[in-house]
Amino acid sequence: MATIMTAQRQERRHLTTGIRVGRAVMLMPELVVFPALCGLYFLTNQAVGVALLSELLIGLFVARIALVWYAGRAWSHGSYAQAERLVLWSLRIYPDSADAWLAMGSIQLAQGETEAAIKAIERADQLYPFHAPIYLEMSRALAAHGDWNEARHYASMALVLDEQLALSYSHNALLSLHFDEASQTTKQWIEAGLALAPHVAAKASLYVARAELALLANEERQVQLALDQAQLLLNGCPIPQQAELLYRIGQLQRAMGQVDAARASFERIEHSDREGGYVHAAWRAKVETSVI
C-alpha cells in the first residue's frame, strides 16, 4: 500500500498545469468556444448573430450532458439498448466526448461485449488521459476479457491517480483472489476499501470479496456473515453491478451447499438483468445447481 501511495505522488507531479487545462478543454470545448464568441462580438458588434450562436452552443452543451446523464440512469436500470442510443446521440453532438465514450464502454461491458468495451474505453482514455475512473473501467473490461495481467496494471494505475476511489479497492481484491496471492494481501485491499466508507456498490463488492476470501480459509461462519452484509446492500446497487455480485454470491452459496439460495440468486439475475452479459452464465449455473 505504501508503494502505491508513493507512486501516486510521483505520478501527480507529471500532471502539469498545461495537461490539466488541455484535458478540461477536451472534455468541455465550450470553455474555449464561448469566450471566442464573446471576442467575436466585441470585434464585429454583430449582437444578434453572436447571441444566436451562443444560444445554440449552450443548447448543444446542455443536450449532450443531459443525454449522457440519462444514459447513465438507463444503464443503472439495466436498459442497455436505450442507454446506448442516448450515448450515440450525445456523440453526434460532440464525437470527442470522453464522458460519452466511457459511458459507451460501461454499457457494452454490462452486455458482455468486452472487445467493444475495451475499444470505447481506450477512446475515452485518449481523449481524457490520467483519469482514474477510466483506468478502473478499463481494468474491469480487460479482466472480463481474460487479460488479467493488463487488468492488474490498469487497476494499479487507477489507485495511483486516486486513492479515494473505493471501487478500485474491491476490484484489486478480486484481482488478488484471481492471482491466488497471500490472504493478507487480499484482506488489506478489502479493509482499506471499507475504511473509505464507500458508496453502496463498492461496499457490497468488498463484502463479497471478504466472503470469497473466508471461503478459501474454510471459515463458513465468516462467509455467511459477509454474504448477509452484501445482500443487505444489493438493492441499492445499479443493475449491472447487482448482476455481477449475485453471480459471485450464487457461486459462494453453491460451494457452501446452499442449493436453493444459489438457484434463487441466479434466477434473480435472469429476471433483473435480461439484457446483461451475466444472464446466460446465470442460466447455465442455475441448471448446473439444479442437478447437484
Side-chain angles (χ1 to χ4, degrees), residues 63-93 95 97-124 133-134 136-147 151 167 170-171 174 199-202 204-205 208 230-231 233-254 261-290:
R64 72 178 183 86
I65 296 300
L67 286 167
V68 173
W69 186 82
Y70 279 111
R73 284 184 59 85
W75 168 86
S76 70
H77 289 93
S79 301
Y80 307 127
Q82 179 188 3
E84 191 164 345
R85 285 195 299 272
L86 291 168
V87 171
L88 286 173
W89 290 340
S90 177
L91 285 170
R92 289 192 184 109
I93 297 173
S97 169
D99 284 340
W101 282 110
L102 178 58
M104 180 65 79
S106 297
I107 294 162
Q108 292 167 330
L109 180 58
Q111 296 176 92
E113 300 171 5
T114 56
E115 290 187 10
I118 289 168
K119 290 179 181 178
I121 300 166
E122 281 178 343
R123 181 60 179 150
I134 292 176
L136 174 59
E137 199 68 359
M138 177 62 84
S139 179
R140 294 182 65 250
L142 288 165
H145 194 59
D147 296 333
L167 276 171
S170 62
H171 185 60
L174 179 63
H199 57 78
V200 171
S205 181
V208 172
Q231 288 173 309
L233 300 170
L234 278 178
N235 287 336
C237 299
I239 292 297
Q241 291 170 334
Q242 270 192 42
E244 177 191 346
L245 295 177
L246 280 167
Y247 185 77
R248 290 164 64 187
I249 287 170
Q251 297 286 12
L252 286 164
Q253 290 167 330
R254 186 167 67 176
R263 190 182 301 116
S265 294
F266 297 135
E267 286 177 349
R268 186 172 169 184
I269 297 172
E270 292 181 282
H271 294 307
S272 65
D273 196 32
R274 296 178 184 276
E275 298 179 25
Y278 276 93
V279 67
H280 297 300
W283 179 83
R284 288 195 299 272
K286 185 184 71 172
V287 171
E288 291 169 1
T289 303
S290 299

task = Give a yes or no on whether Trp69 atom CH2 has more than 12 heavy-atom contacts from other residues, nucleotides or ligands under 6.0 Å away.
result = yes
key: Within 6.0 Å of NE2 in His280, more than 12 heavy atoms from elsewhere   = no
Heavy-atom pair of closest approach, residues [X] and [Y]:
| X | Y | result |
| --- | --- | --- |
| Trp75 | Ala83 | N-CB, 3.9 Å |
| Val208 | Ala230 | CG2-CB, 3.7 Å |
| Ala120 | Gln108 | CB-OE1, 3.6 Å |
| Gln253 | Ser265 | OE1-OG, 2.8 Å |
| Ala243 | Ile269 | O-CD1, 3.4 Å |
| Ile121 | Ala141 | CD1-CB, 4.0 Å |

key: Pair Glu113 + Lys119, salt bridge at N-O below 4.0 Å   = no
key: Stepwise side chain to side chain contact (heavy atoms under 4.5 Å, CB included) check, Leu167 with Glu137   = CA-CA 10 Å; Leu167 276 171; Glu137 199 68 359; over 6 Å; no
In Å, rounded to the nearest 0.5 Å, how long is the span from [atom1] of [X] to [atom2] of [Y]?
| X | Y | atom1 | atom2 | result |
| --- | --- | --- | --- | --- |
| Thr289 | Arg254 | OG1 | CZ | 4.0 Å |
| Leu109 | Tyr80 | CG | OH | 9.5 Å |
| Arg92 | Arg64 | CZ | CZ | 16.0 Å |
| Arg274 | Ser79 | CZ | OG | 12.0 Å |
| Ile134 | Glu122 | CD1 | CD | 12.0 Å |
| Ser272 | Ile239 | OG | CD1 | 4.5 Å |

If only atom types and distance count, is the side chain of [X] paired as donor or acceptor with the main-chain N or O of [Y] below 3.5 Å?
| X | Y | value |
| --- | --- | --- |
| Ser139 | Ala151 | yes |
| Trp89 | Val68 | no |
| Ser106 | Leu102 | yes |
| Ser97 | Ala100 | yes |
| Gln111 | Gly277 | no |
| Glu275 | Ala81 | yes |

Contact between [X] and [Y] at the side-chain level, heavy atoms closer than 4.5 Å - yes or no?
| X | Y | answer |
| --- | --- | --- |
| Ile107 | Val87 | yes |
| Gln242 | Arg268 | yes |
| Arg140 | Glu244 | yes |
| Met104 | Leu88 | yes |
| Tyr247 | Phe266 | yes |
| Arg248 | Ser205 | yes |
| Tyr278 | Leu246 | no |
| Asp273 | Val279 | no |

note = Hits for side-chain hydrogen bond (donor to acceptor under 3.5 Å, both in side chains) against Ser90, two or more places apart or cross-chain, chain-then-number order -> none
query = Do Leu91 and Leu67 pass the side chain to side chain contact (heavy atoms under 4.5 Å, CB included) test, and can you show the C-alpha distance, the side-chain angles, and the key distance before you say yes or no?
reply = CA-CA 9 Å; Leu91 285 170; Leu67 286 167; over 6 Å; no
remark   = From the list Asn235, Leu233, Leu234, side-chain contact (heavy atoms from CB on, under 4.5 Å) with Gln231 holds only for Leu234
